Q: 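The following block contains the structure, expressed as structure tokens.
Since the structure is predicted, the reported quantities are computational estimates derived from the model, not experimental observations. Numbering of residues begins at 1 and proceeds along the displayed sequence.
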Amino acid sequence: MHLWVRAEQRDNEQRVGVVPDGAADLIAAGFTVTVEDSATRIIPTDAYRAAGCTIAPEGSWPGAPADAVIFGLKELPDDGTPLTHRHIMFGHAFKGQPSGRVLLDRFNAGGGTLYDLEYLTDADGRRVAAFGYWAGYAGAAVSLLCLAAQRQGKHKGPVSAYPTAQAMREDLRAQLDDTPTSALIIGALGRVGTGAADLCREMNVDVTLWDMAETASGGPFPEVLQHDLFFNCILARPGTPVFVPLDTGSQPRTLRVIGDIACDPDSDFSPIKVYSHATTWAAPALRVHDTPPLDVMAIDNLPSLLPLESAQDFSQQVLPHLMVLQDIDNGVWGRARAIFADHA
């Protein structure tokens, strides 16, 4: 089995799906592992070379051997070329997205296959590998930075990746004052909510944890307005209640920052109704009401702010499943392929 780890093309993307220790384990198990050179990846190429990987030029995966499985995280270059290989990646292609249809057409044209990382599930339908914890952790941190800037009468400026989570915490402590701060997390029992809660505790934020039991009534939920911060950590789906109605800004409230970590503003089922588009690293806070201020943080690639911990955690989760790639027609890989076949 030949695993080809491609370099990421997306701006602000330093993560990688398998770290050098994981690559060494694959090689010890009989795999051939090729890793593309990358000027931006958080882990230097030399670490993969030392682990025994073959190093290839950045972006050379289209010329990989036909039997190689191409492993990346984010989207491929949008050049319209047919895709002939088997690809492991986050395709974002199965929920009706226009760009997803284009991607599927490229696979159809080339005869390749997409094994979408979002749809790698066990026999009970649970995802086997996800970046959710670090999305929650980083999303809570950026939301706190937005609140700190707001308390100083400012808008939060651009954010950038941190070398480590410790560096992120140190930056937060330098910008936060001693004002008592409260937060409500909905979806607190999941990976995303757990990450948000851990960051809040480390920053001495008084955090209230809610999950399905607390929202079963269907709302309204005035408690959301009674906290400085609100974190939405659940995936929008039919039947999801509204947590933040459109008129929230004009209501009496303590709420100052909404961290929509789930970040699905285009969905009809989004529980956050006060905004309609994601925010960015360049402008992380969207002001949706002025007096008193109410900001929304809704960055859609939050784990990339902590590329090292994100990569290490994800690699550990996905490695046992990479180890069985030779049985790619069965188990988690077979289920992912069936979903691709249904949509392609």
Q: For Glu202 and Tyr137, test the side chains for any donor-to-acceptor distance below 3.5 angstrom and give the result as yes or no.
A: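 There is such a pair between these side chains.
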Q: So, for Cys200 and Val207, which heavy atoms are closest and what is the spacing to 0.1 Å?
A: CB-CB, 4.3 Å
Q: Have Ser38 and Glu58 got a donor and an acceptor in their side chains that come within less than 3.5 Å?
A: no
Q: For Lys154, is the NZ atom crowded, meaning more than 12 foreign heavy atoms sit under 6.0 Å from it?
A: no
Q: Name all residues meeting the side chain to side chain contact (heavy atoms under 4.5 Å, CB included) criterion together with Thr121; count only those two or more places apart in sequence or in a different chain, and write none if there are none.
A: Arg127, Arg335
Q: Hey, could you give me each pair passing salt bridge (charged side-chain N to carboxylate O under 4.0 Å, His left out) that has a residue in residues 21-48? Not counting sequence neighbours.
A: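 Matches after skipping sequence neighbours: Asp46-Arg49.
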Q: Side chains of Arg15 and Pro303: closer than 4.5 Å at any heavy-atom pair?
A: yes
Q: Would a hydrophobic clustering, with Ile, Leu, Val, Met, Phe, Trp and Tyr connected at side-chain separations under 4.5 Å, put Val18 with Val69?
A: yes
Q: Measuring only between side-chain heavy atoms, which start at C-beta, is Val324 closer than 4.5 Å to Trp333?
A: yes
Q: Do Arg151 and Thr181 have side-chain N/O donor and acceptor atoms under 3.5 Å apart?
A: yes
Q: For residues Ile272 and Val274, determine if any side-chain heavy atom of one lies less than 4.5 Å from a side-chain heavy atom of the other.
A: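 Yes - at least one pair of side-chain heavy atoms lies under 4.5 Å apart.
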Q: The criterion is side chain to side chain contact (heavy atoms under 4.5 Å, CB included); which residues satisfy it with Arg173, sequence neighbours excluded?
A: Arg169, Met203
Q: Show every salt bridge (charged side-chain N to carboxylate O under 4.0 Å, His left out) that has at least one partner inside residues 250-266, sequence neighbours left out.
A: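 Listed once each, the pairs would be none.
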Q: Would you mind listing every side-chain hydrogen bond (donor to acceptor under 3.5 Å, both in side chains) that reaches into residues 277-297, with sequence neighbours excluded?
A: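 Found Gln150-Asp295, Trp281-Asn301, Arg287-Asp295.
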Q: Who pairs with Asn330 by side chain to side chain donor-acceptor pair (under 3.5 Å), at least two apart in sequence or on another chain?
A: Asp327
Q: side-chain hydrogen bond (donor to acceptor under 3.5 Å, both in side chains) between Asp228 and Ser182: does it pass, once the steps are laid out?
A: CA-CA 5 Å; Asp228 299 294; Ser182 63; 3.2 Å; yes
Q: So, for Pro20 and Ala51, which heavy atoms are closest and what is the spacing to 0.1 Å?
A: O-CB, 3.6 Å
Q: Residues in salt bridge (charged side-chain N to carboxylate O under 4.0 Å, His left out) with Asp79, at least two apart?
A: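 Applying salt bridge (charged side-chain N to carboxylate O under 4.0 Å, His left out) to Asp79 gives Arg106.
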Q: Could you check if a side-chain atom of Tyr115 sits within less than 4.5 angstrom of a side-chain atom of Leu325, using non-hydrogen atoms only?
A: no
Q: Go through the side-chain N and O atoms of Glu170 and Gln166 and say whether any donor and acceptor fall under 3.5 Å apart.
A: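 Yes.
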Q: Provide the full list of ring pair (Phe, Tyr, Trp, His ring centres under 6.0 Å) pairs with a residue in residues 13-59, sequence neighbours left out, each pair given once.
A: none
Q: Answer whether the closest heavy-atom distance between the side chains of Val159 and Lys156 falls below 4.5 Å.
A: yes
Q: Going through the checks in order, is the ring pair (Phe, Tyr, Trp, His ring centres under 6.0 Å) test met by Trp4 and His85?
A: CA-CA 11 Å; Trp4 185 292; His85 291 92; 8.0 Å; no
Q: Which heavy atom in His87 sits nearest to a heavy atom in Trp61, and how many Å separate them?
A: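 Heavy atoms of His87 and Trp61 come nearest at CE1-CZ3, 3.5 Å.
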Q: Using the side-chain hydrogen bond (donor to acceptor under 3.5 Å, both in side chains) rule, take Glu13 and Ser304 through it: C-alpha gap first, then chi angles, then the decisive distance, then the call.
A: CA-CA 6 Å; Glu13 187 53 82; Ser304 300; 2.9 Å; yes
Q: Considering only heavy atoms from C-beta outward, does the side chain of Phe94 approach that of Leu104 to under 4.5 Å?
A: yes
Q: Within the structure provided, determine whether Met168 and Thr164 are in side-chain contact (heavy-atom separation under 4.5 Å).
A: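 Of all side-chain heavy-atom pairs linking Thr164 with Met168, none is under 4.5 Å.
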Q: Yes or no on side chain to side chain contact (heavy atoms under 4.5 Å, CB included) for Trp134 and Leu305, after CA distance, side-chain angles and deciding distance?
A: CA-CA 9 Å; Trp134 294 106; Leu305 289 163; over 6 Å; no
Q: Are Phe340 and Phe107 close enough that their ring centers fall under 6.0 Å?
A: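 Yes - the distance between ring centres of Phe340 and Phe107 falls below the 6.0 Å cut-off.
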Q: Hydrophobic side-chain clustering at under 4.5 Å (ILVMFWY, transitive links): who's grouped with Leu246? Put none if nobody.
A: none
Q: Please list all pairs meeting side-chain hydrogen bond (donor to acceptor under 3.5 Å, both in side chains) that have one or both residues in residues 207-221, counting only residues at least two apart or in different chains.
A: Thr208-His227
Q: Under the rule for side chain to side chain donor-acceptor pair (under 3.5 Å), what residues qualify as partners of Gln9, not counting sequence neighbours?
A: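 With sequence neighbours excluded, Gln9 shows a side chain to side chain donor-acceptor pair (under 3.5 Å) to no residue whatsoever.
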Q: Could you note down all residue pairs passing salt bridge (charged side-chain N to carboxylate O under 4.0 Å, His left out) where residues 62-78 supplies at least one of them, sequence neighbours left out?
A: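 Salt bridge (charged side-chain N to carboxylate O under 4.0 Å, His left out) check on residues 62-78 returns Arg10-Glu75.
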Q: Taking all non-hydrogen atoms of both residues, which atom of Thr34 and which atom of Ala56 are closest, and how far apart?
A: CG2-CB, 3.7 Å
Q: Compare all side-chain heavy atoms of Val242 with those of Phe221 and state whether any distance is below 4.5 angstrom.
A: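 No, too far: nothing below the 4.5 Å cut-off.
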Q: Looking only at side-chain N and O atoms, does Tyr162 offer a donor or acceptor that is under 3.5 Å from a partner on Asp171?
A: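 Yes, because at least one side-chain N or O of Asp171 sits under 3.5 Å from a partner of the opposite role on Tyr162.
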